[in-house]
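Okay, so here's the structure we're looking at.
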Number of protein chains: 2
Amino acid sequence: MTISEENYIKVIYHLSLVSPKGVNTNAIAGMLDTKASSVTDMMKKLSDKDLVSYQKYQGVTLTDKGLHSAKMIVRKHRLWEVFLVDKLGFSWDEVHEIAEELEHIKSEQLINKLDAFLGFPVADPHGDPIPDAKGVIKKIEKQLLSEVEINASFHCVGVKDSSTDFLKYLDKQKIALGSVVKVIDKEDFDDTLTVEIDGKRLTISNKIANNLYVQ
Amino acid sequence: MTISEENYIKVIYHLSLVSPKGVNTNAIAGMLDTKASSVTDMMKKLSDKDLVSYQKYQGVTLTDKGLHSAKMIVRKHRLWEVFLVDKLGFSWDEVHEIAEELEHIKSEQLINKLDAFLGFPVADPHGDPIPDAKGVIKKIEKQLLSEVEINASFHCVGVKDSSTDFLKYLDKQKIALGSVVKVIDKEDFDDTLTVEIDGKRLTISNKIANNLYVQ
DNA sequence: TTTTATTTTTAGTTTTGTCTAAATTTAATT
DNA sequence: AATTAAATTTAGACAAAACTAAAAATAAAA
């Protein structure tokens, strides 16, 4: 598989999680910052390689083979992110771009040794689950902070939006994975939350609460 | 720089160490397993980018800019090799191929953090020197085992040939970097050596001795 | 149910890096 | 010095992955 093919497979995988019935050409083009016509060309190629099942105008889904490939790419991406944060001291908003390159390094032995070196982590620095060597993904139980009951305590376990802006906001507020969050109050008008994070009181917009996973 | 351009620059760098007056088109083609005509095409491109100075039929040399790029690629390659051996437990004959891919990962911050994580090593697992962040290469004093005087003791500090076959031979004989070698005797007829390595007596052909660096 | 709008595909180009085959230049030999 | 051999370059072509513009299919609206 070329790097380009791998990127397509990965994007189809992520879009499939939202629209499992079939992924649109335009959606893929949008994610890869390319044109719909280029996507069509690539779908033919991936279809020939039995990585996707594709029928003209009907959208595309991953075959078993394609799904497995996608999981292996995601596995690599997330393991490298753990490496970058845990071992090299990068912050969680800096690692995505570098992992986008590292995820295309071929050796399976490398990734399994890396996995062991990192202590077989189950989640990346953003709380997203890491597929194991067979592609099995351990589901992480989680709720959005915007949806939990008042007066209960939780742990931060992940982010939905992992954009730099959002991650930097969390850093500024000293919110990290593992932080203890207690919801004190919820404003009826705009769903603004008053929370206590690691003992510190804070006001949080609904948009924030809607992008933070807790358990 | 594309991966292909980087590979050309790297090869020209290595060949320059042997023929500093100018590197031949065919030599480059041989190293990259490509055709002379492809090399010519690429030389034009690299020349346009001021990475090599190239005159038709006259061979090619790296410019200052090209030399610096080459050293940064070599730096990355060798640092990743150290990582693979020291941290992930690969053996020294397994790492070259993987490092060939890793050397093309772009981030400068990544490589400098990796350097620090590894403790700023000065040599890779084969004893080859690692350029620092500025491109400075600390010269490692070394002699070929085939050229040292009899009855003196040395440490293994590197290999000249780093082919899998040779490295596996060394593994089998329990010769590693750091091993203490004492030359007991040299056969006049074919320069076969009798040596003591870490206390164990061993007979070594001239071809072996000619590919092992000691200090 | 037509008509209009949107999405998707086809057809034809472009760029990068490669190739083959032919032409040219340099080096080696007689 | 002339000829042969080797190395190098040019010319033209190809595959991968992208693009633009036009055509076709599907979905939405009147």
Side-chain angles (χ1 to χ4, degrees), chain A residues 1-13 15-16 18-62 66 69-70 73 100-101 103-104 106, chain B residues 1-16 18-62 66 69-70 73 100-101 103-106:
Chain A
M1 267 217 261
T2 66
I3 290 177
S4 188
E5 287 170 347
E6 288 193 345
N7 283 331
Y8 274 95
I9 290 293
K10 185 184 54 168
V11 159
I12 295 167
Y13 172 76
L15 291 171
S16 292
V18 182
S19 40
K21 313 262 161 197
V23 177
N24 293 334
T25 302
N26 266 349
I28 298 169
M31 293 280 281
L32 286 169
D33 203 29
T34 185
K35 296 294 153 72
S37 54
S38 307
V39 175
T40 301
D41 288 346
M42 185 57 93
M43 290 314 101
K44 286 175 185 165
K45 191 193 301 185
L46 295 179
S47 184
D48 287 347
K49 291 191 173 189
D50 193 33
L51 291 163
V52 303
S53 71
Y54 165 69
Q55 275 145 250
K56 277 192 196 182
Y57 298 102
Q58 301 311 130
V60 72
T61 55
L62 292 172
S69 302
I73 299 164
E100 287 284 294
E101 288 189 62
E103 74 189 3
H104 300 294
K106 299 264 175 308
Chain B
M1 267 219 261
T2 65
I3 289 177
S4 188
E5 287 170 348
E6 288 193 344
N7 283 331
Y8 274 95
I9 290 292
K10 184 184 53 168
V11 159
I12 295 167
Y13 172 76
H14 287 306
L15 292 171
S16 293
V18 182
S19 40
K21 313 262 162 198
V23 176
N24 294 335
T25 302
N26 266 349
I28 298 169
M31 293 280 281
L32 285 169
D33 204 29
T34 185
K35 294 296 153 72
S37 55
S38 307
V39 175
T40 301
D41 287 346
M42 185 57 92
M43 290 313 103
K44 286 175 186 166
K45 191 193 301 187
L46 295 178
S47 184
D48 288 347
K49 291 192 174 188
D50 194 32
L51 291 163
V52 303
S53 71
Y54 165 70
Q55 275 145 249
K56 278 193 196 181
Y57 298 102
Q58 300 313 129
V60 71
T61 55
L62 292 173
S69 301
I73 299 165
E100 287 284 294
E101 288 188 63
E103 75 189 2
H104 300 295
I105 304 294
K106 298 266 175 308

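- Checked against side-chain contact (heavy atoms from CB on, under 4.5 Å), A:Glu103 has the following partners two or more places apart in sequence or in another chain: A:Asn7, A:Lys10, A:Ile73, A:Lys76, A:His77, A:Glu100.
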Side-chain atoms of residues 49-59 of chain A: list all donor-acceptor pairs with protein atoms under 3.5 Å, sequence neighbours left out, distances to 0.1 Å.
| from | atom 1 | to | atom 2 | distance (Å) |
| --- | --- | --- | --- | --- |
| A:Lys49 | NZ | A:Glu5 | OE1 | 3.1 |
| A:Lys49 | NZ | A:Glu5 | OE2 | 3.0 |
| A:Ser53 | OG | A:Thr61 | OG1 | 2.9 |

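- For the pair A:Lys35 and A:Ile3, both in contact range of DNA chain D, the more 5′-proximal nearest nucleotide belongs to A:Ile3.
- Within the 4.0 Å cut-off from OP1 or OP2 of D:dT9, at least one side-chain nitrogen or oxygen of B:Thr40 is found.
- Protein atom CE of A:Met43 is 13 Å distant from nucleotide atom P of C:dT10, rounded to whole Å.
- Taking all atoms of both residues into account, the shortest heavy-atom contact from A:Thr25 to A:Thr40 is CG2-OG1, 4.0 Å.
- Here the CE atom belonging to B:Met1 is positioned 10.0 Å from the NE2 atom belonging to B:His104, to the nearest 0.5 angstrom.
- For the side-chain contact (heavy atoms from CB on, under 4.5 Å) test, residues two or more places apart in sequence or in another chain that qualify with A:Ser4 are A:Thr2, A:Tyr8, A:Met42.
- Nearest heavy atom pair, residue B:Asn26 against residue B:Ala36, reads OD1-CB, 3.6 Å.
- The interatomic distance linking A:Met42 (CE) with D:dA15 (C1') rounds to 13 Å, in whole Å.
- Among residue pairs with one or both ends in residues 28-41 of chain B, none qualify as salt bridge (Lys or Arg N to Asp or Glu O under 4.0 Å); sequence neighbours excluded.
- Nearest heavy atoms, B:Ser16 versus B:Val23: OG-CG2, 3.7 Å.
- Taking atom CG of residue B:Asp41 and atom C1' of nucleotide D:dT10, one finds them 9 Å apart after rounding to whole Å.
- Of all heavy-atom pairs between A:Ile28 and A:Ile12, the closest is CD1-CG1, 3.8 Å.
- Between A:Tyr8 and the phosphate of D:dA16, there is no side-chain N or O to OP1/OP2 separation shorter than 4.0 Å.
- Within a heavy-atom distance below 4.0 Å of DNA chain D, the residues of residues 22-34 of chain A found are A:Thr34.
- Remark: P of C:dT24 and NZ of B:Lys56 are 11 Å apart, rounded to the nearest angstrom.
- Put simply, CD on A:Glu5 is 13 Å from C1' on D:dA15, counting in whole angstrom units.
- As judged by a 4.0 angstrom heavy-atom cut-off over every strand, B:Ser4 is placed among residues touching the sugar-phosphate backbone only.
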All N/O pairs under 3.5 Å across the protein-nucleotides 21-25 of chain D interface:
| from | atom 1 | to | atom 2 | distance (Å) |
| --- | --- | --- | --- | --- |
| D:dA25 | O4' | A:Tyr57 | OH | 3.3 |

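- Counting to the nearest Å, the P atom of C:dT16 and the CG atom of B:Asp48 are 11 Å from each other.
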